[in-house]
Visitor: 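The structure is given below, and queries will be raised subsequently.
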Amino acid sequence: MWTFPKQLLIGFKLLICSLLCWSCTCSLVNFIISLKVFPLSTLRHFHGEITEFFQALSECSNSSLEELNLSQNKLIGNIPHSLGNLKRLRELQLYSNAVSGSFPSSIQNLSRLEILFLNDNKMNGTIPESIGQLSELRELHLSGKLLARNLLVFNVTHDWIPPFSLQYVNILDCQLNPTFPAWLRTQKELIEIHLVNTAISDAIPNWLWNLSSQLQVLDLSHNKLMGNLPKSLEFSSLFSVFLDFNHLEGLPPLWPNVTRLYLRSNLLSGPMLIRNSQEMSQLITLDLSDNFLNGSIPSSINELRNLSSLLLSNNYLSGNIDYHWEIMQSLFFIDLSKNNLSGGIPSSMCSLPSLLWLQLSNNNFSGNLSLCLKFVSSESLLALDLGENRLSGTIPKWIGERLSSIKILSLRGNMLFGKIPKQLCGITYIHVLDLAQNNFSGSIPSCFGSLAGYKYFNGTIIEDVTEHMDLVVKVRQYEYYNQISNVNLMDFSKNSLSGEIPTELTNLTLLNLLNLSWNHLTGMIPENIGALRQLESLDLSSNHLSGHIPSSMSSMTFLSHLNLSYNNLFGQIPSSNQFQTFNDPSIYVGNPELYGPPPLPTSVSTPSDRNAEHKDQEDVHVHIDGEDQFEKLWFYLSIALGFIVGFWAVCGSLLMKKSWRHAYFCFADKMKEKLFSGHCSENGTMATLKTTFLFLCFHFLLLSTKFVSLEAIWSNSSAGNNPVGCIEMERQVLLKFKEGLKDPSNGLSSWFGQDCCTWLGVGCNNQTGHVIKLDLKSQPVCNQVAGSVFCKKLTLGGELSPSLLDLKYLNYLDLSYNDFQGIPIPNFIGSLNTIESIGCSNSSLEEVDFSWNMLAGNFPYSLGYFKGSKSLLLSRNTCPIPENIGNLSRLEELDLSYNKMSGTIMEIIGQLTELTQLNLFGNSWEGIISEIHFLILTKLSRLSLSSITNLLVLNVSHNWIPSFDLSLIEADRCQLGPAFPAWLRTQKNLWDITLKNAAILDTIPDWLWNLSSQIYNLDLSHNQLSGDLLGSLKFNLPASIDLSFNLLEGSLPLWTSVTNLYLRNNSFSGEITIKIFQEMPQLFNLDLSMNFLNDSRESYQNGLEKDFFSIVALCLRGNVLCGNIPEELCNCTQIRVLDLGQNSLSGSIPTCLGRLGGYQYLYPTSSSTGTNSNLEHMDLVSKGRQLDYDYPTINTIDLSQNNVSGEIPIELTNLSKLDTLNLSLNHLTGKIPENIGDLQYLETLDLSCNLLSGPIPQSMTSITALSSLNLSYNDLSGQIPTANQFQSFNDPSNYAGNTQLCGPPLPTNCSTPSDGSRT
């Protein structure tokens, strides 16, 4: 039955009556259909079976209906064969419905049909050849949406010549042949061509560019088109070209009359060659993002007066930006993120009057933030992303007035400081505020609780451009495309904020993501934090928060990520509602007074229990004291006797006479130097012998004194204490040093009592008692409480007291991996190696480790006095290279990685002749490294270089032969090309080679493969390497090979002993054969995604018969695989990642996949040989996005975007450890397995765009880990479950396209069981 809205036009009353009663007389229907135009699309509320409507029309004769428009309604069912009876029909529009089934062959009877709209439905099958008889056809629209695609196959012969002459062809998400459709060549009147996501894997034919002089729009995006584009073409009318998401190569084209040019996500390379503004003077939109462009942005681009959108993100562009942008008054969208651009941000760019979106993140821009912001127009700017640069200064207080319209503001990862100004609250409608990874201090302004952008939806979508932004969500970085308007984020993590969390933040009812971690926040978590009902991620870790966990948090049903670790929280963890899903102990670790129920292992005892335990302990102590009283008397007498003799004989005299004490130690040090120096003057022999004799006599006296006090030493030792004990002066020094430290984990709780030699991290000389070692690197500290062991991480902060200078015998100092974030390096550090006391010096400090502390400022000049140091580890700070580092002549290991260092690398490093390991990775180097840097570094064996700016050039001659012999070379984003570095040929001991993002445009030389017997790791990814690979090589060591994101081609290599092989995003072709597994039996990870590979069914049948325990990850996504999914894959019993998405696989899903042990048990992540089998750099599609996983814990099966049919095997529910299952965009039928709830670890489930029917199983409500669900566009029916996790799935798009589903969040209500009908 059809239903209609209550308000209808009076002129349609008779029409409505006739449609509500299909049994009405034929004369009445004939009256209706005597209308030539039948437009119901304007009402948009009809729903029901379309078959009934066409059946009524077929029972009447003499129809004069010429235009039938039923678009944008909710019609279901199949188009019946009776459609062919409407022989006078000229226009048929059925788009945006839920019409299903195949194409009726009777369409051939519509000989007058000119316009056909069938897009955005759920039709499937093959379009009949009879469509070729529609000789009058002018417009053909078979397009659909990605979430509701037409599962249609347009399969015609290569030489097919249709009788019609189209003006508009729009085919989207349909399957065409892999070759470019040749029949388009016969269409001479084309105005628009849209062939989007149609599985074309071919080069664009030359005839297309000359097809029609009146062609206006060409859209061939989301295919696998390859080859080069013509550099220059003259189009008379073509104004919009969409070629994005293909495999096109070569230089960016110059097409004068084009107004919109979209070439995102291709393989374009080389510089942008816009020589003058006349070459592309009509250009309005230019999108060249996600390519391999290099060089600088040409200054001529600033003369494109009509340009409104410029998108050049994720390339290799470098250099400064030209400062003259004022001519582009229409420019409103700029995205230059993820490049290597440097210098200042032009004020003329910021002041553009129409600017809506400015995104410059992930570059190397520098300068003061205020100088950039003060030129921004306040009337238009909606999004400003300056994150991950080198901007400095403070946030200006006038920001709330001048930038009041901003909705997205990201200043993440810069060098900003000062307080967060309360004037930011003037940006009322902001909904993304990211200030993380800076050095902001002070408190969080309470007025943030009044920001309307986090209370009311105010998202804005900018049409005709791709809104793209990277956001850190749930500890991972996600890429958001055109969805940023739906995100409400506030991130202040990794700063120096203090004070309490404002309770006003709980007013932000639409807040999705809140991250305040790694600050110095105190106080309690706001009691009413549960008011943030939309919150999905909450991270308050690594602060100083106290109190209990508010019980109101259990009502936050959307919360899927929580981290409260490393605070001072206490009390019982809530156990109701959402907290049942947070069973990972790491969420609460570092809060020693938190207790169960699980995930923490114990509970705190009651007061009565503690009193009883204390009483028992007192009784035991009284008993022991009675037994040992006599023994203790003798113990103390022996100590007194030893003290009297030893102290008054030697120690007492030294203590009483200061000059004697200093003279003794100076004399001892000088004698030590003379005895071991071996250098005497001509007349100094007798003097040396004399001093030696006196030195020995003096020490003989000292030994005699120690012998007298042997009883005291023995008595002390028998009690289990240090034989000598701590020196009181050095104990006071350590306590004073502790006063300046911040110890949130209370890891230095052992620093009390008299014997400092027993304190955590303190090491003393067993004979003298002097402190010689101080090891306070961040480490777990474990204590036993009530029979259970609790561990917390020692992380120190605060200030470094100069009292350490009084530890004159210190020779080991390690403060690495702590949190001295933002404080300058103390000047006294360099003096630790030059302690002066009455002319005496100590130069024994050999190892200095201040790494991972985020120390700021300059290294003190005195650091160059560490002449005896062999190891200097200063990574993960923010300091430049010490100027006098060349003085450290004995230095063997130097680590300055990840220090935000910039500028050129000083040649003085080349003076460190003893250097064996040099690590300068993760900085912003620029300039040239020449042979001079390495001239005398003959002992160098490990070299690590990288430049965030990609401006570091290794410039050596082609025939350079280095003086060193490396075992490890690591170079990332350094320019070593374009030729492959020939000097590596001289390095005979190389076993680890990383030349990633090295701008190499060459083939891989044969001599490199001669090192295969010793290579353990080879990473040449993200270059432009070309040519074929050697088919057969033998690696003696278990090797990891990464050649992904290059231009390699040919057949796949078969390399023995390779454990990890990454060949993603290349141009490999040919068959995937069983020999891969036979020749590489140790293979753990195999990623062949985004190539042109097909498979050989016979090869699987002939060889994949045994269990392959080694393979852990198999990614074949985005190739041209066809045929059935081979059941022999079930023999890969340890596999945990299986990605076959975006192919042309057909048939049913093998039931034996339910026996794969890798998804049922947790296997070890490394082989017996020690090879790391982690899924390093594995790109996987999860939750609708492509993510880069670095961890071995992901367990995924992805068969999406294929032609798989049949039912979902019930055996898949045996895969208890599966966390991602994607079967979307296939032809699956039947019901969702009833016991799918057994997949308790499942986080992502996507079954959308299939033909599944039946109800949603109730067992799914027990999958508490589920955070992403998509069941849209199936034939599911019944009520949507509302219990447990389903309360968080309140987005109607999760269930859209299932017309028989009802209940929240869908607007359709469910009837009572007795009624049996739906309203």
Side-chain angles (χ1 to χ4, degrees), residues 1072 1074 1076-1077 1083-1089 1095 1097 1099-1101 1103-1117 1119 1121-1163 1175 1178 1180-1182 1194-1247 1250 1252 1257 1259-1260 1263:
I1072 301 176
I1074 186 57
I1076 292 178
F1077 300 96
L1083 204 58
F1084 284 106
N1085 302 316
L1086 179 62
D1087 189 353
L1088 304 177
S1089 302
D1095 63 346
R1097 179 64 183 166
S1099 66
Y1100 289 109
Q1101 293 175 337
L1104 246 172
E1105 297 174 353
K1106 65 176 182 178
D1107 290 349
F1108 285 87
F1109 291 100
S1110 62
I1111 192 73
V1112 173
L1114 178 62
C1115 295
L1116 304 177
R1117 185 181 195 86
N1119 283 283
L1121 305 179
C1122 58
N1124 296 342
I1125 301 175
E1127 294 188 1
E1128 290 78 8
L1129 282 175
C1130 302
N1131 294 325
C1132 302
T1133 53
Q1134 197 179 345
I1135 195 167
R1136 292 187 283 115
V1137 172
L1138 178 61
D1139 188 353
L1140 305 178
Q1142 292 185 19
N1143 283 286
S1144 298
L1145 298 170
S1146 58
S1148 59
I1149 301 174
T1151 58
C1152 62
L1153 292 181
R1155 300 197 305 267
L1156 292 174
Y1159 297 99
Q1160 302 180 44
Y1161 313 102
L1162 295 179
Y1163 283 80
L1175 309 183
M1178 188 69 75
L1180 301 174
V1181 176
S1182 180
I1194 187 72
N1195 296 319
T1196 180
I1197 293 180
D1198 192 338
L1199 306 178
S1200 62
Q1201 299 186 52
N1202 280 286
N1203 296 315
V1204 179
S1205 58
E1207 298 187 356
I1208 300 175
I1210 193 174
E1211 289 80 3
L1212 292 186
T1213 61
N1214 297 330
L1215 308 180
S1216 56
K1217 296 298 186 292
L1218 185 67
D1219 54 39
T1220 299
L1221 178 61
N1222 191 345
L1223 305 178
S1224 63
L1225 295 163
N1226 280 290
H1227 309 293
L1228 297 173
T1229 56
K1231 297 182 177 181
I1232 302 174
E1234 282 292 332
N1235 57 338
I1236 195 173
D1238 294 345
L1239 301 179
Q1240 291 293 302
Y1241 281 76
L1242 202 63
E1243 298 180 11
T1244 301
L1245 177 63
D1246 193 344
L1247 304 178
N1250 280 287
L1252 300 173
S1259 66
M1260 288 181 64
I1263 310 178

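Just so it is clear, the structure is predicted and the values come from calculations on it, not from any experiment.
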Visitor: Please identify each residue that fulfils side-chain contact (heavy atoms from CB on, under 4.5 Å) with Ser1148, with sequence neighbours left out.
Guide: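 With sequence neighbours excluded, Ser1148 shows a side-chain contact (heavy atoms from CB on, under 4.5 Å) to no residue whatsoever.
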
Visitor: Could you tell me whether the side chain of Leu1223 reaches within less than 4.5 Å of the side chain of Asp1246, counting heavy atoms only?
Guide: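 Counting from C-beta outward, Asp1246 and Leu1223 never come under 4.5 Å.
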
Visitor: Main chain of Leu1088, side chain of Asn1119: is a donor-acceptor contact present, judged purely on distance under 3.5 Å?
Guide: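 Side chain of Asn1119 to backbone of Leu1088, a donor-acceptor pair under 3.5 Å: yes, one is there.
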
Visitor: Per the side chain to side chain contact (heavy atoms under 4.5 Å, CB included) rule, which among Leu1129, Leu1083, Asp1139 passes with Leu1114?
Guide: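 Single pass found, and it is Leu1129.
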
Visitor: Excluding sequence neighbours, so at least two apart, what forms side-chain contact (heavy atoms from CB on, under 4.5 Å) with Thr1229?
Guide: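 Expected list: Glu1207, Leu1251.
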
Visitor: Side-chain contact test, heavy atoms from C-beta onward, threshold under 4.5 Å: evaluate it for Lys1217 versus Arg1136 and give yes or no.
Guide: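 Counting from C-beta outward, Lys1217 and Arg1136 never come under 4.5 Å.
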
Visitor: Measuring only between side-chain heavy atoms, which start at C-beta, is Leu1247 closer than 4.5 Å to Leu1252?
Guide: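 Contact flag for Leu1247/Leu1252 side chains = yes.
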
Visitor: Atom CD of Glu1243 and atom CG of Leu1221: how far apart are they, to the nearest 0.5 Å?
Guide: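 So the gap between those two atoms works out to 13.0 Å.
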
Visitor: Test your reading of the model: is there a side-chain donor-acceptor pair from Asn1143 to the backbone of Gly1141, 3.5 Å cut-off?
Guide: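 At least one qualifying donor-acceptor pair exists.
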
Visitor: Could you walk me through whether Asp1198 and Ser1200 pass the side chain to side chain donor-acceptor pair (under 3.5 Å) test, one step at a time?
Guide: CA-CA 6 Å; Asp1198 192 338; Ser1200 62; 2.6 Å; yes

Visitor: Search all heavy atoms of Pro1209 against all heavy atoms of Ile1149 and return the closest pair with its distance.
Guide: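 So the two residues come closest at CG-O, 3.4 Å.
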
Visitor: After noting the C-alpha distance and the side-chain angles of Asn1203 and His1227, does the key distance pass the side chain to side chain contact (heavy atoms under 4.5 Å, CB included) rule?
Guide: CA-CA 6 Å; Asn1203 296 315; His1227 309 293; 3.3 Å; yes

Visitor: For a quick test of reading the model, state the closest non-hydrogen atom pair linking Val1137 to Tyr1159 and the distance between them.
Guide: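 Scanning both residues completely, I find the closest heavy atoms to be N-OH, 3.5 Å.
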
Visitor: Minimum heavy-atom separation for Asn1226 and Asn1250, please, with both atom names.
Guide: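 Here Asn1226 and Asn1250 meet closest at C-OD1, 3.0 Å.
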
Visitor: Please report, to 0.1 Å, the donor-acceptor pairs under 3.5 Å made by any side chain of residues 1232-1240, with sequence neighbours excluded.
Guide:
| from | atom 1 | to | atom 2 | distance (Å) |
| --- | --- | --- | --- | --- |
| Asn1235 | ND2 | Thr1213 | OG1 | 3.2 |
| Gln1240 | NE2 | Gly1237 | O | 2.5 |
| Gln1240 | NE2 | Ser1262 | O | 3.3 |
| Gln1240 | NE2 | Ser1262 | OG | 3.4 |

Visitor: Do Ile1125 and Leu1199 come close enough that some side-chain heavy atom pair is under 4.5 Å?
Guide: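 Yes, at least one pair of side-chain atoms sits under 4.5 Å.
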
Visitor: Find the distance between CG (Leu1242) and OG (Ser1216) and round it off to the nearest 0.5 Å.
Guide: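 It is 11.5 Å, given to the nearest 0.5 Å.
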
Visitor: Rounded to the nearest 0.5 Å, how far apart are CG of Leu1245 and CG of Asn1222?
Guide: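 Reported value, rounded in 0.5 Å steps: 8.5 Å.
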
Visitor: So do the side chains of Thr1220 and Asn1195 get within less than 4.5 Å of each other, counting heavy atoms only?
Guide: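 Sidechains of Asn1195 and Thr1220: no contact.
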
Visitor: Report yes if the side chains of Leu1212 and Leu1153 come closer than 4.5 Å at any heavy-atom pair, otherwise no.
Guide: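 In contact.
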
Visitor: Just wondering, do Thr1196 and Thr1244 contact through their side chains at under 4.5 Å, heavy atoms?
Guide: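 Answer no - side chains too far apart.
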
Visitor: Roughly how far apart are Leu1218 CG and Tyr1241 OH, rounded to 0.5 Å?
Guide: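 Leu1218 atom CG to Tyr1241 atom OH measures 12.5 Å (nearest 0.5 Å).
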
Visitor: Tell me if a side-chain donor or acceptor on Asn1202 pairs with a main-chain N or O of Leu1140 at a distance below 3.5 Å.
Guide: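 At least one qualifying donor-acceptor pair exists.
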
Visitor: Taking Asn1085 for the side chain and Asp1087 for the main chain, is one N or O donor matched with an acceptor at less than 3.5 Å?
Guide: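 Answer holds: no.
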
Visitor: Among all residues two or more places apart in sequence or in another chain, which pass the disulfide (SG to SG under 2.5 Å) test with Cys1152?
Guide: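 Expected list: Cys1130.
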
